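Before any comments, here is the structure.
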Amino acid sequence: MQVELSGGMIKRLFNSQDTGEDLSTSQPILQVISMKKVDPPPNATNHSSDRWRTIISDGEHFMQGMFATQVNGLIEAHEIQKNTVIAVENFSCSYLQGKRLLIIMAARVITQAGEKIGKPENVQGGAAAAAESSAPQTPNPAPSPSTTTTTPVPHAQSRQQSSAKVGGKANSIYPIEGLSPYQNNWTIKARVTQKTDVKTWSNQRGEGKLFSVTLMDETGEIRATGFNSVVDELYDKLQEGNVYYISKARVNLAKKKFSNIQNDYELALERNTEVEECPDASNVPAVRYNFVNLNGLEELQKDATCDFIGVIKDVGDLGTITSKASNKTVAKRDLTLVDQTGKSVRLTLWGAQAEQFNADDSPVVAFKGVKVGDFGGRSLSMYSSSTMSINPDITEAHSLRGWYDALGSGQNFTSMSSGSNAGSSTMGGVSRDEMRTLFDVKESGLGTSDKADYFSCRATIMHIKGDNISYPACPTEGCNKKVVDIGGQWRCEKCDRSFERPEHRYIMSMAVADHTAQAWLQGFNDVGLAVFGMSANELVDIKERDEPAYNVILHKSNCATFNFACRAKQDTYNDQTRIRYGISRLTPLDYKAEMRALKTILQSPWARA
DNA sequence: CCCCCCCC
């Protein structure tokens with residue numbers, strides 16, 4: 001059975017910019033004659049930003065095309081391949097690199113791969129047509145960007161571009177999907193879907209300010225950043241939600257660390273960049289999400305950014321933290337979010353957003369560009385560039401709403417973020433999933449970056465250093481500063497007071513081991529209290545009165561096993577860099593809980609497989 | 001050219 005292609009459509013599409021024919025609702029039935037992946041740029045990191053070129057036919061003519069990344073799912077699933085017939089549900093016909101290109105933004109598969117239908121000819125005609133139609137098996141789609149640095153811009157394009165400036169035809173504009181560093185004479189028509197605050201920085205290399213926007217059109221999105229004087233020029237002009245014609249910006253490789261926008265490039269807004277508001281904002285979409293669910297979140301690296309949608313299970317109290325880097329106080333609030341995976345995750349809001357957040361009815365919330373953290377497993381945190389949308393009118397939100405109201409609200413969730421206020425698989429604030437062996441802690445180099453890493457382990461005390469087990473501290477509540485003996489009196493510099501006797505506080509250095517390795521852990525007063533079951537004052541008293549009794553107490557603490565929550569951090573002392581492991585919490589083993597955890601592991605799918 | 005994202 002032969003499928004009927006929309007004969008004659010390629011010619012009409014190809015010429016639509018000259019004839020002015022509006023084919024936007026035509027949904028032509030076309031055949032994919034060939035497909036080729038465009039060479040990825042050197043920093044491409046994932047398949048979702050692959051770009052596929054195609055030659056597409058109506059049985060009479062063929063032309064060159066490109067699949068927008070929204071269609072990549074169908075291509076990766078091999079739903080669309082050579083000879084597949086598709087209904088093109090949404091498209092745009094553009095000039096790109098001097099060629100006319102059909103950009104396919106949405107497609108439905110009609111029939112899978114069969115035979116090539118008809119004897120289509122190149123709609124452009126001429127010598128190129130002969131070459132391409134004679135070799136359909138090894139097609140030669142539009143050259144990849146790396147080979148087109150000198151492609152001349154045709155008259156039609158420059159004419160169309162200038163007409164666009166005075167509110168002319170939108171189809172003469174470059175698609176965002178087609179931007180690359182190898183073109184310089186383009187104009188995009190894009191909506192600002194997100195704009196950051198103006199941020200200032202200061203480091204060894206200098207100081208300055210910057211802002212960035214997310215720009216979106218029907219084909220894709222791209223981040224654009226402006227620095228210093230460009231901030232003054234463009235910050236007020238570019239308004240969130242509005243649509244602009246933008247040209248003469250530099251196209252650079254994207255710095256993925258600062259965004260998860262699905263584009264391998266980003267724009268640098270420069271002094272001569274032209275920005276003109278477009279009053280006709282139709283056909284320019286509003287927001288695009290690339291959601292991960294909580295299973296997918298597990299796969300992401302720390303510090304990656306992602307989009308996430310979930311139901312708010314719990315709104316934590318407003319709190320404050322003091323940044324170690326800047327010493328500034330910042331408001332924070334932790335939300336607990338759940339999704340259909342049966343997991344929950346902690347997401348932290350900062351500043352005014354934390355202070356003003358108010359939702360008590362388990363709303364569905366969509367987040368764009370949030371940071372992945374590894375606190376006790378996986379956690380999420382807002383960047384200043386992240387966006388939060390409460391009960392958005394999108395299908396994912398409606399699906400979550402239906403699930404939560406019917407089932408989810410009564411369900412138990414497994415926390416991915418220990419230390420949050422939710423969680424069934426946590427223990428002493430430490431997620432069991434994050435239990436590591438000491439060998440693994442050392443082997444994987446935790447604490448070797450400039451930031452601290454957190455881990456937990458189950459280990460047995462082998463030895464506690466007996467000299468300097470404590471220090472004389474200021475007895476003032478919360479001071480804890482070391483005091484000095486000034487002849488019968490103990491003086492605290494910080495409190496500017498002297499005391500008759502100090503309050504001893506533990507400083508513990510202990511060797512612990514599990515079945516894989518041993519390590520030295522450092523702990524403070526709470527650790528000593530848990531290990532010895534007495535205050536440092538009491539222990540110091542015993543040591544002074546009866547040294548053998550003190551040694552017995554130390555010896556008896558050996559062989560006790562604890563679950564430790566630790567912090568690994570590099571430090572340099574006397575020109576020697578080493579990793580120090582600090583104990584932030586320790587809990588004695590609860591054998592029933594240990595057994596339940598082992599049972600859970602044994603019942604997990606991978607254990608049964 | 002030039003970018004941090006905080007705390008446990």
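So that the names make sense, note that chain A is the first sequence line, chain B the second, and so on, each numbered from 1. Being a predicted model, the structure only gives us computed values, none of them experimental.
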Among B:dC5, B:dC1, B:dC2, the one nearest A:N252 by side-chain distance = B:dC1
Would you say whether A:W201 stacks on B:dC3? The test is a distance between ring centres of less than 5.5 Å and an angle between planes of less than 30°.
-> no
Report which part of the nucleic acid A:S386 touches: base, sugar-phosphate, or nothing (heavy-atom distance under 4.0 Å, all strands).
-> nothing
Determine the contact category for A:R223: base if any of its heavy atoms lies under 4.0 Å from a base atom, sugar-phosphate if only primed atoms, P, OP1 or OP2 are that close, otherwise nothing.
-> base
Could you check whether A:K332 gets within reach of a base, just the sugar-phosphate, or nothing at all, counting any heavy atom under 4.0 Å?
-> base
Pair A:S212-A:R223, side-chain donor/acceptor within less than 3.5 Å = yes
With sugar-phosphate meaning primed atoms plus P, OP1 and OP2, does A:S381 contact a base, only sugar-phosphate, or nothing at under 4.0 Å between heavy atoms?
-> sugar-phosphate
What's the closest nucleotide to the A:S323 side chain, out of B:dC2, B:dC3, B:dC7?
-> B:dC7
Roughly, in whole Å, what's the span from CE in A:M382 to P in B:dC7?
-> 18 Å
Length of the line joining A:R271:CZ and B:dC1:P, which is rounded to integer Å = 14 Å
From CZ of A:R346 across to P of B:dC6 the rounded distance in Å is 11 Å
Count the heavy atoms of every other residue, nucleotide or ligand shown that sit under 6.0 Å from NZ of A:K481, and state whether that count exceeds 12.
-> no
Can you establish whether the number of heavy atoms outside A:M462 located under 6.0 Å from its atom CE is more than 12?
-> no
What's the CG-P distance between A:D374 and B:dC7, to the nearest Å?
-> 13 Å
Picking from B:dC2, B:dC3, B:dC7, which would you name as closest to the side chain of A:N228?
-> B:dC2
Per atom distances to the A:F227 side chain, the nearest of B:dC2, B:dC5, B:dC7 is B:dC2
Gap between atoms CD and P, on A:E266 and B:dC3 respectively (whole Å) | 12 Å
Ranking A:A268 and A:S202 by the position along DNA chain B of their nearest nucleotide, the one closer to 5' is A:A268
Closest nucleotide among B:dC2, B:dC8, B:dC6 to the A:F375 side chain = B:dC8
Less than 3.5 Å between a donor and an acceptor, one on the side chain of A:R250 and one on the base of B:dC1, is that the case here?
-> no
Closest listed nucleotide, where the reference is the side chain of A:Y383 and the choices are B:dC5, B:dC3, B:dC6 = B:dC5
Protein-nucleotide distance (A:K302, atom NZ; B:dC7, atom P), rounded to Å = 10 Å
Closest to side chain of A:K371, choosing from B:dC5, B:dC8, B:dC3 = B:dC5
State whether a side-chain donor-acceptor pair under 3.5 Å links A:Q262 with A:T69.
-> no
Stacked cation flag A:K195 on A:Y235, 6.0 angstrom / 45 deg | yes
Test side chain to side chain contact (heavy atoms under 4.5 Å, CB included) applied to A:D307 and A:V292, step by step = CA-CA 6 Å; A:D307 301 346; A:V292 292; over 6 Å; no
Between CG of A:L349 and P of B:dC5 the distance, given in whole Å, is 18 Å
Starting at atom CZ of A:F367, determine the distance to atom P of B:dC5, rounded to an integer number of angstrom.
-> 20 Å
